[in-house]
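Index from 1, following the sequence. Just the heavy atoms: all of them, side chains too, but no hydrogens, waters or symmetry mates, feed the values below.
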Amino acid sequence: QVQLAESGGGLVQPGGSLKLSCAASGITFSIYDMAWTRQAPGNQREIVAIIGRGGRISYLDAVKGRFTISRDGAKNTVYLQMNSLKPEDTALYYCNAGGQVYGNTLLGGYWGQGTQVTVSS
């Protein structure tokens with residue numbers, strides 16, 4: 001059984017920070033590219049950050065300098081540290097393992113259930 005268990009979302013004020021976690025099970029974590037995506041109501045899902053199995057990292061331009069993606073092989077977990085949060089970061093954040101990138105869209109692979117991030121004063 002493949003599971004991607006996301007956690008760490010919540011309500012935070014603008015300028016605040018959150019750290020999301022995605023714990024993977026049922027896959028050989030080390031061979032999978034991992035990613036965080038987000039979807040706001042009425043919007044398309046977009047890739048926020050990718051960390052490849054070899055450590056290559058890519059970020060959405062809108063989050064560069066504010067978000068950091070990392071992975072811990074011993075814990076089979078990928079993280080997204082989010083700093084200097086803005087209201088436009090409000091979205092449901094999904095973890096993905098093994099998806100294929102087409103522009104800023106991820107197709108296929110395994111998906112988590114999503115964790116809500118709300119940035120509001």
Same cluster (ILVMFWY, side-chain, under 4.5 Å), [X] and [Y]:
{"X": "L80", "Y": "V12", "value": "yes"}
{"X": "L85", "Y": "V63", "value": "yes"}
{"X": "V48", "Y": "Y59", "value": "yes"}
{"X": "Y79", "Y": "L18", "value": "no"}
{"X": "L92", "Y": "L4", "value": "no"}

task: Would you indicate whether the side-chain heavy atoms of V78 and I69 approach each other to under 4.5 Å?
output: yes
message: Contact between Y94 and Q39 at the side-chain level, heavy atoms closer than 4.5 Å - yes or no?
response: yes
Return the [atom1] to [atom2] distance between [X] and [Y], rounded to the nearest 0.5 Å.
{"X": "R56", "Y": "I51", "atom1": "CZ", "atom2": "CD1", "answer": "11.5 Å"}
{"X": "Y32", "Y": "N96", "atom1": "OH", "atom2": "CG", "answer": "10.5 Å"}
{"X": "M82", "Y": "D89", "atom1": "CE", "atom2": "CG", "answer": "7.5 Å"}
{"X": "E6", "Y": "Y93", "atom1": "CD", "atom2": "OH", "answer": "12.0 Å"}
{"X": "L20", "Y": "R38", "atom1": "CG", "atom2": "CZ", "answer": "11.0 Å"}
{"X": "S121", "Y": "L11", "atom1": "OG", "atom2": "CG", "answer": "10.0 Å"}

field: Pairs involving residues 97-119, ordered by first then second residue, that meet side-chain hydrogen bond (donor to acceptor under 3.5 Å, both in side chains) (sequence neighbours left out)
entry: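 Sorted pair list: Q116-T118.
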message: Does anything in residues 61-121 form a disulfide bond (SG atoms under 2.5 Å apart)? List the pairs, not counting sequence neighbours.
response: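 Pairs touching residues 61-121 that pass the test: C22-C95.
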- request: Identify the heavy atoms of A35 and I50 that sit nearest to each other, and give their distance.
  value: CB-CG1, 3.8 Å
query: Nearest heavy-atom pair of A40 and A91: which atoms, and what distance?
result: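 Scanning both residues, the minimum pair turns out to be N-CB, 3.9 Å.
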field: Heavy atoms of other groups near Q44 CD, more than 12 under 6.0 Å
entry: no
task: Give a yes or no on this: more than 12 heavy atoms of other residues, nucleotides or ligands lie within 6.0 Å of atom CZ of R66.
output: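 Atom CZ in R66 is packed in, count exceeds 12.
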message: So, using side chain to side chain contact (heavy atoms under 4.5 Å, CB included) as the criterion, who are the partners of S17 when residues are at least two apart?
response: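 Only Q81, N83 meet the side chain to side chain contact (heavy atoms under 4.5 Å, CB included) criterion with S17.
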- request: Evaluate the criterion side-chain contact (heavy atoms from CB on, under 4.5 Å) for residue pair V101 and L106; output intermediate values, then yes/no.
  value: CA-CA 5 Å; V101 178; L106 265 181; 3.7 Å; yes
- request: Please check if the side chain of R71 supplies one atom and the backbone of D33 the other of a donor-acceptor pair under 3.5 Å.
  value: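 Looks like no, no N/O pair under 3.5 Å.
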